[in-house]
S.K.: 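Quick one: structure below, then a few questions.
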Amino acid sequence: MSIHSTVKRVTTHVLAEMKLKGEKIAMLTSYDYSMASIVDKAGIDVILVGDSASNVMAGFETTLPITLDNMIYHAASVVRAAKRALVVVDMPFGTYQGNSKEALSSAIRIMKETGAHAVKIEGGAEILESVERILSAGIPVMGHLGLTPQSIHKFGTYVVRARDEEEAKRLKEDAKLLEEKGVFAIVLEKIPAVLAGEVAESLSIPAIGIGAGSKVDGQVLVIHDMLGINQEFSPRFLRRYHNLYQEITGAVQGYIKDVRSLDFPNEKEQY
Ligand code: KIV
């Protein structure tokens, strides 16, 4: 028996029960084994292997360049660490839009090659065929509406979405369509809090917000943002729980000083 077999895994059914009981869902991103191990042991419910890896891990300006192979590498590392959390993997740009057969084979690669528990895809009515086909293979799907960063060149900016009535109405319809198809949860990114609350209330599945206020069923943040590793990214919705940029800078500078002054290594730190 493995030492981990006593840990009860969070499943999509557990998340549905949490919504029913009014218990909030805590979700964070991770992209590598060491960070995912800390996040999992700390008790997070869901780890998202986000395509934000394109920004925070690879240094690209947008999420568009990251590949399916890249996502599979990150996700497999996270899955090896996560003993309790549900692991959801973002399907990268270009692997599901417009071709549901390709969407299914991309999702199957993610599930087979990483051992993850679900995939996430951005969009509403326009990607329903892909959602349906992926679900038909028994792969749980998480939706993502509002600010969908893979469409950044269509929007032209990262400002709050669905402020006007027409877009808000479309978002509500998309959320219902996704629920009817069978997605197990929906991420709502950067939309007005009142709208997010209305959407969450109208759904029987969890709505997980990022920049969507408190009237949703859970929250998600990018781990590099909430730990303060990134200095440049400061949207209003972000709460920083640490200033790791400063901490790491201090540690690195201390090391440089010790090496240069011959303080490191000392007699106890050698053989
Ligand atoms: O890629 C990502 O990290 C995400 C979250 C911001 C929800 O999609």
Side-chain angles (χ1 to χ4, degrees), residues 15 24-32 35-36 39 44-68 70-75 77-78 82 85-97 106-107 110 114 116 118-124 127 140-152 155 158-162 171 174-175 178 183-191 196 199-200 205-213 216-227 229-230 232-240:
L15 300 184
K24 299 290 178 188
I25 297 162
M27 169 162 146
L28 279 173
T29 66
S30 293
Y31 318 97
D32 67 276
M35 187 67 87
V39 168
I44 205 77
D45 300 311
V46 184
I47 298 180
L48 172 66
V49 185
D51 58 357
S52 47
S54 182
N55 310 106
V56 297
M57 300 301 289
F60 288 115
E61 238 173 70
T62 71
T63 57
L64 275 65
I66 200 159
T67 65
L68 186 56
N70 294 156
M71 289 303 295
I72 286 172
Y73 168 78
H74 288 298
S77 310
V78 167
L86 181 88
V87 179
V88 181
V89 183
D90 258 336
M91 295 190 61
F93 177 66
T95 63
Y96 61 90
Q97 295 96 337
S106 308
I110 290 173
T114 73
V119 297
K120 174 164 86 58
I121 76 182
E122 294 182 6
I127 49 114
V141 176
M142 177 180 269
H144 184 153
L145 296 171
L147 176 64
T148 46
Q150 290 179 13
S151 309
I152 184 58
F155 298 142
Y158 287 100
V159 295
V160 179
R161 306 302 313 172
L171 189 142
D174 280 343
L178 287 170
V183 306
F184 71 90
I186 301 177
V187 166
L188 298 176
E189 180 164 353
K190 221 169 173 187
I191 60 172
V199 173
I205 54 170
I208 299 178
I210 173 165
V216 286
D217 306 300
Q219 299 292 331
V220 56
L221 285 176
V222 169
I223 187 108
H224 287 62
D225 300 339
M226 63 86 77
L227 290 179
I229 297 176
N230 296 331
E232 315 82 43
F233 187 64
S234 309
R236 187 208 293 206
F237 69 76
L238 175 61
R239 183 178 297 181
R240 285 212 174 89

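Here the structure is a predicted model, which is why all the values come from computation and not from measurement. We number each residue from 1, following the sequence as shown. Indexing begins at 1, ligand by ligand and atom by atom, following the structure's order.
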S.K.: Let's go through Met71 and Asp90 carefully: what are the C-alpha distance in whole Å and the side-chain angles of both, what is the deciding distance for side chain to side chain contact (heavy atoms under 4.5 Å, CB included) to 0.1 Å, and is it a yes or a no?
M.R.: CA-CA 8 Å; Met71 289 303 295; Asp90 258 336; 3.9 Å; yes
S.K.: Which side-chain N or O atoms in residues 142-152 pair as donor and acceptor under 3.5 Å with protein atoms at least two apart or in another chain?
M.R.:
from: His144; atom 1: ND1; to: Lys120; atom 2: NZ; distance (Å): 2.6
from: His144; atom 1: NE2; to: Leu147; atom 2: O; distance (Å): 3.2
from: His144; atom 1: NE2; to: Glu189; atom 2: OE1; distance (Å): 2.9
from: Gln150; atom 1: OE1; to: Tyr96; atom 2: OH; distance (Å): 2.8
from: Gln150; atom 1: OE1; to: Gln97; atom 2: NE2; distance (Å): 3.2
from: Gln150; atom 1: NE2; to: Asp51; atom 2: OD2; distance (Å): 2.6
from: Gln150; atom 1: NE2; to: Met91; atom 2: O; distance (Å): 3.1

S.K.: side-chain contact (heavy atoms from CB on, under 4.5 Å) with Met35: which of Val78, Thr29, Leu227?
M.R.: Leu227
S.K.: Distance check, rounded to the nearest 0.5 Å: Asp225 atom CG versus Glu232 atom CD?
M.R.: 9.5 Å
S.K.: Which is it for Tyr31 and His224 under the ring-ring contact (aromatic ring centres under 6.0 Å, His included) test, yes or no, and what are the steps along the way?
M.R.: CA-CA 10 Å; Tyr31 318 97; His224 287 62; 5.7 Å; yes
S.K.: Provide, line by line, the atom pairs where ligand 1 and the protein bring an N/O atom each to a distance under 3.5 Å; else say none.
M.R.:
from: ligand 1; atom 1: 1 (O); to: Asp51; atom 2: N; distance (Å): 3.2
from: ligand 1; atom 1: 1 (O); to: Asp51; atom 2: OD1; distance (Å): 3.0
from: ligand 1; atom 1: 1 (O); to: Ser52; atom 2: N; distance (Å): 3.1
from: ligand 1; atom 1: 1 (O); to: Ser52; atom 2: OG; distance (Å): 3.3
from: ligand 1; atom 1: 1 (O); to: Asp90; atom 2: OD2; distance (Å): 3.1
from: ligand 1; atom 1: 3 (O); to: Ser52; atom 2: OG; distance (Å): 2.5
from: ligand 1; atom 1: 8 (O); to: Lys120; atom 2: NZ; distance (Å): 2.9

S.K.: Got a sec: does the CZ of Phe237 have more than 12 other heavy atoms crowding it under 6.0 Å?
M.R.: yes
